[in-house]
Amino acid sequence: MSTPAAAPRYRGPTAVGDDFRRLVNLTTTLAANDFKLRFFGSALGYLWSLMRPLLLFGVLYFVFTEVVRFGAGVEYYPVYLLAAIVLFTFFAEATSRGVTSLIERETLLRKIRFPRMVVPLSVVLHALFNLGLNLIVVFGFVLASGIAPRWSWLMMIPLVLILVLLSTGTTMLLSALFVRYRDVQPIWEVVLQILFYASPVIYVTSTLPDNIEREAMVSPITAVLTEMRHVLIDPSAPTAAEAIGGGVRLLIPLGLTLAVFALGAWVFAREAPRIAEDL
Amino acid sequence: MSVTTPQLGQARQQRLSAAPLAVDAQRVSKAFRLPHQRYSTLKERALHPFASSSYDTLQALADVSCEIRSGEFYGIVGRNGSGKSTLLKCIAGIYAIDAGTLEVSGRLSPFIELGVGFNPDLTARDNVLVNAIMLGLSRREAKRRFDEIIAFAELEDFVDLKLKNYSSGMSIRLGFSVAIQVDAEILLVDEVLAVGDASFQRKCYDEFGRMRDDGKTIVFVTHDMSAVERFCDRAMLIEKGRLLEIGDPDHISTRYTEVNFGYLPGSDDPGHEGRPEEARVRSVWTENADGERILSAVQGETCRICMEVEFKADVPQPVFSVTLRNDVRHVIYIPSSLQHGPVEPFRAGDRAIVRLGFQNWLAPSRYTLTPAVSTWDPDYRVIDQREDHASLIIDAPIRSGGVADLPTELEVERL
């Protein structure tokens, strides 16, 4: 605020820019617009953003409770499955749409000066809108299956924040790399598939052998989902700290999240000045 | 439209020469890397780890310096690919520069094109709000100015229509209306006047005049020499990324023509099969019946298209003509001295101003003017021709749909 307006300065394109309000304004505007346009023209409109995780849930629920009896012995397995799908979908949606986001915003990037970070951030925010809608459904299911509301539900907020941090870092990293290397996209599709099965979405970590469980918990997604099971669904389920074998070891998934975010921010900031011409 | 009288012009020039710098570019260079073969996949990169270092460099700007004063209307002129848009994008902060310094003082409009990011699936209302926020207004400000924007674009009846149902002219009007609401001290404009219909273009010109009078700095990239001569205080000519000259608009306009048609000093004259230069159209403009220079003419009034010609050799039977093309590039009318038979011969070194007057019954549109000097020698042969060297806007109260609205006699015989 105190910088003198007359001070001459050159403002080339940067990741964050010098006007934070503009960054926030643009991010929310683009995200809100994408949200509006996403299911534009389809008969069910916004309902589709709810339908997709629900349909996936339906399929997986049928397969793993009726066909292979996977969820037997897990308390409230269907509710856990749904909540895990919704959280994982957030990460998958934010990152997979994030990869191509800079290319899709090409005209804006080439014609207007604005903080480049707006583009990946708006993708994550859009995914966050969808997550918000989906979580309403999740809480409906939780209540309907007879789980009483608890204060520990508030822990969902920091858990979602960790996922947001992870998604934002990944999206910044991938979108900046995709401008140069177009095969980032197919690679990331495969990685997401692997992550889906590597994360406790259709199973829970407590069913894994102890040594594998500890190693699996290194993944931030796994840690978040495990903690989610404890705070949201089943208080008797192990916390993330118990699953990884000690609270101090939780620093590994947390540190990993921060590392991904820092790496993404660094790569993005480095690429930002030249994104417009490399597109 | 503000007409700068000589006295006013002088006062303005004096004020400008004392004004602080709005844009100070010193020895700015910008190169684009164009790889011979794009190694854009990881596999290729892994297979050819060293090959990717071979690329061509396109020097889009080389050592360009310019000082634009606060309140100045500054033209950047050059051919396609000369680097003028790159320079504008560097000033706008869309491209990072490689070398040199570039300092901008004052709030800069962050865009160089109209209607960027318009989404065809959204209504005009949504698009205006998004676009205004993109261009730097706050959400509240965008909402507050919404009515003003729509009123300027004259699109009150179509606010809730999706943009894909808009004509291209309507979208441009909307884009321009948003753009002028952006609270900037320095405006960057890239070829904005080449679009839209005649009456809206007039409005754009008026708006430019108003901004100029308000003391805004406007940096203006164009091909249209008549607009440069009309509006700009100074202009800069660049060619192949190099600054050729900075000077007053009339001079730059002449130089642009020289560059455009290969009369670069020291270079050969490619378009004339080795024939020495015989005559040159130095400039072209339009006058009304009172001899005042105009950019837009009202239908029905007398209109004169004028050109200044300089003869470099004896031309016994010159023919002067101007080709008028409308906005869809159809040749509509070619006023020519041919209708009046042979013109007096000219000798080397002679100069002349030729005025081709006509009763203006052209349909409202934007016309480009291509002046030409030809001769019978012994066959008809063009000596010098300047493609689209100026433009003229025709205003009319009624749009008939034809290319000309000749006065029509009406007789209705009731039976």
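Bear in mind the structure is a predicted one, so any value in this text is a computation, not a measurement. Naming convention: chains lettered A, B, ... in sequence-line order (proteins, then strands); numbering from 1 in each chain.
- Within 6.0 Å of the CZ atom in A:Arg110, the count of heavy atoms belonging to other residues, nucleotides or ligands exceeds 12.
- When only modelled atom types and interatomic distance are considered, B:Ser138 and A:Arg22 share no side-chain donor-acceptor pair under 3.5 Å.
- Residue B:Leu88: no heavy atom, backbone or side chain, is found under 4.5 Å from chain A.
- Under a 4.0 Å N-O distance rule, the pair A:Glu277/B:Lys30 qualifies as a salt bridge.
- Rounding to the nearest 0.5 angstrom, the gap separating the OG1 atom in A:Thr29 from the CG atom in B:Asn131 is 11.5 Å.
- Going from atom CG of A:Leu26 over to atom CD1 of B:Ile133 covers 8.0 Å, rounded to the nearest 0.5 Å.
- Separating the CD1 atom in B:Ile94 from the CZ atom in A:Phe114 is a distance of 9.5 Å, to the nearest 0.5 Å.
- Distance check, rounded to the nearest 0.5 Å: CG of A:Leu30 to CE of B:Met134 gives 5.5 Å.
- Using a 4.5 Å cut-off between heavy atoms, B:Asp126 contacts chain A through its side chain alone, with no backbone atom that close.
- Heavy atoms of other residues, nucleotides or ligands lying less than 6.0 angstrom from CZ of B:Arg242 number 12 at most.
- Closest non-hydrogen pair, B:Leu137 versus A:Asn25, comes out as O-ND2, 4.4 Å.
- Atom NZ of residue A:Lys36 and atom CG of residue B:Leu122 lie 6.5 Å apart, to the nearest 0.5 angstrom.
- Heavy atoms of A:Thr28 lying under 4.5 Å from chain B belong to its backbone as well as its side chain.
- To the nearest 0.5 angstrom, B:Phe32 atom CZ is 9.5 Å from A:Asp278 atom CG.
- Of the two parts of A:Asn33, only the side chain, counted from C-beta on, holds a non-hydrogen atom closer than 4.5 Å to a non-hydrogen atom of chain B.
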